[in-house]
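Being a predicted model, the structure only gives us computed values, none of them experimental. Positions are given from 1, in the same order as the sequence printed here.
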Amino acid sequence: MTPLAVVCCPDKFRGSLTATAAAARMAAGLRAAGLDPLELPLGDGGEGTLDVLLAAVGGTRRCTSVTGPLDERVEAEWAVLADGTAVIEAARASGLALTAGRNDPVRATTAGVGELLQAAADEGVSHALVCVGGSATTDGGLGAIKALGWSLGGLRVDVACDVATRFSDAAAVFGPQKGADPEQVDLLTRRLDRLTAAYRDRTGVDVSALPGAGAAGGLAGGLAALGASLRPGFDLVAEATGLAAALAGRDAVVTGEGRVDGSSFEGKVVGGVLALAGAGRRRAVIGGEITAEGRRELPPDVLADSLVDHAGSEAEAIGRAAELLEEAALRLGRQLAGPAAE
């Protein structure tokens, strides 16, 4: 009997597994269940997207010394794909992880992202993709804009966004995650409002009208003010990795991420994969954790498993993520294959 053909296409499990490692563990579990898995790790424009695109498309890595989120120097990796597109992750130049728990949400700057874009332009790159997840910043992209001298200099820039947050809402939505207290959120919101007016006056672009302009604390909007295009990150990655073609030749799909919640169905990998696969294909989701909201959002025909449910605690689920993910894939693989064998 021909084994059930499955696409394994997870995002990263933040804090424990990259998307590539997660796909490999999923595939191992599905293979043990007698299925035929294809590994296709994905991203949505957040951290890890650079590695996903390099694995899918090929290319070369670069490393440039730039201004970090708190003005220190950091060595930021970026890449040039085989088709000549530069891929820049904001998290590698202006990321919250770079602050080592000492972020200053008011002072944090996106200057390093602008410096990476300039480095790409200096190498003769004509197209750049900026992945904006994981930033420490709420500067509205002003640091990046200043580093670029208020011009993209002919560089065509796409910004991969995984949220639809408005520019003026960036501080309220993301500021607390970056260490901002209520007073700082109010200050940052007023600063974003002033920047909205400044960008409109200087560039003619009204960033307040652009869905997703608030991504990365307004970095997306700041780049858009210079002429960058804001695009759903999942769509960009799905196109680059050939996800639709992979699904077309397979019977089932298994996806997942570290935390499956309501936001997972608003432009992120889990929701995007389930929608693209459609109800006519067998579908399953594995989460490090699946919240009550996440379970409500899951279509009724989708199988689901949570690592936390089997680990007993979030800490243990993170520490044993690889082992638990493979076990979850084995369980779900048997369920997916069951009806096919009848």
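- Cluster membership for Leu332 and Leu35, using ILVMFWY side-chain heavy atoms within less than 4.5 angstrom, is shared.
- Contact of the Val253 side chain with the Val6 side chain is not registered, since no non-hydrogen atoms from C-beta on lie closer than 4.5 Å.
- Between Ala111 and Ala147 the shortest heavy-atom distance is O-CB, 3.6 Å.
- By the 4.5 Å heavy-atom criterion applied to side chains, Ser126 and Arg156 are not counted as neighbours.
- Residues Lys268 and Asp162 come closest through the heavy atom pair NZ-OD2, 3.0 Å.
- Partner of Val132 under the side-chain contact (heavy atoms from CB on, under 4.5 Å) criterion, out of Thr110, Val159, Ile88: Val159 alone.
- Heavy atoms only, all atoms of each residue included: Pro10 and Thr255 are closest at CA-OG1, 3.9 Å.
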Trp78/Val87 under side-chain contact (heavy atoms from CB on, under 4.5 Å): CA gap, chis, key distance, verdict: CA-CA 6 Å; Trp78 55 289; Val87 180; over 6 Å; no
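- Residues Ile145 and Tyr199 have side chains in contact (heavy-atom distance under 4.5 Å, counting atoms from C-beta outward).
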From CA spacing to verdict: side-chain contact (heavy atoms from CB on, under 4.5 Å), Leu330, Arg334: CA-CA 6 Å; Leu330 173 60; Arg334 287 169 173 164; 3.7 Å; yes
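- Residues passing the side-chain hydrogen bond (donor to acceptor under 3.5 Å, both in side chains) test with Arg331, sequence neighbours excluded: Asp305, His310.
- Looking only at side-chain heavy atoms (C-beta outward), Glu89 and Thr49 come within less than 4.5 Å of each other.
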Steps toward side-chain contact (heavy atoms from CB on, under 4.5 Å) verdict (Val205, Leu210): CA-CA 9 Å; Val205 177; Leu210 299 176; 4.3 Å; yes
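- You'll find the side chain of Val237 stays beyond 4.5 Å of the side chain of Asp44, heavy atoms only.
- For Thr67 and Glu115, the side-chain atoms include at least one donor-acceptor pair closer than 3.5 Å.
- A salt bridge is absent between Glu257 and Arg14; no separation between the charged side-chain nitrogens and carboxylate oxygens falls under 4.0 Å.
- No salt bridge links Glu326 with Arg31; every basic N to acidic carboxylate O contact stays at or beyond 4.0 Å.
- Of the charged side-chain nitrogens involved, none lies within less than 4.0 Å of a carboxylate oxygen, so that Arg281 and Asp251 do not count as a salt-bridged pair.
- Thr109 and Ser94 make their closest contact through O-OG, 3.3 Å (heavy atoms, listed as atom of the first residue, atom of the second, distance).
- Within the model, atoms CD1 of Ile290 and CG of Asp309 stand 7.5 Å from one another, a figure rounded to the nearest 0.5 Å.
- Residue pairs meeting the side-chain hydrogen bond (donor to acceptor under 3.5 Å, both in side chains) criterion with at least one partner in residues 167-195, sequence neighbours excluded, are Ser135-Lys178, Arg166-Asp169.
- Figure legend: cation-pi geometry between Arg202 and Trp150, with NZ or CZ positioned under 6.0 Å from the six-membered ring centre and within 45° of its axis.
- Salt bridge Arg296/Glu293: absent, no basic N to carboxylate O contact under 4.0 Å.
- The closest side-chain heavy-atom distance from Thr99 to Pro69 is below 4.5 Å.
- Between the side chain of Ser16 and the backbone N or O of Phe13, at least one donor-acceptor pair lies under 3.5 Å.
- Of the possible polar contacts, one joining the Arg250 side chain to the Asp36 backbone as a donor-acceptor pair under 3.5 Å is found.
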Asn103/Leu98 under side-chain contact (heavy atoms from CB on, under 4.5 Å): CA gap, chis, key distance, verdict: CA-CA 9 Å; Asn103 191 36; Leu98 298 175; over 6 Å; no
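- A heavy-atom distance below 4.5 Å is found between the side chains of Thr196 and Phe167.
- Using a 4.5 Å heavy-atom cutoff, the side chains of Phe234 and Leu42 are in contact.
- Of all heavy-atom pairs between Cys9 and Val273, the closest is SG-CG1, 3.7 Å.
- In summary, Arg62 and Glu123 engage in a salt bridge, as defined by a charged side-chain N under 4.0 Å from a carboxylate O.
- Under 4.0 Å is where a charged nitrogen must lie from a carboxylate oxygen, and between Arg61 and Asp51 at least one such pair does.
- Of all heavy-atom pairs spanning Cys8 and Pro37, the tightest one is SG-CB, 3.8 Å.
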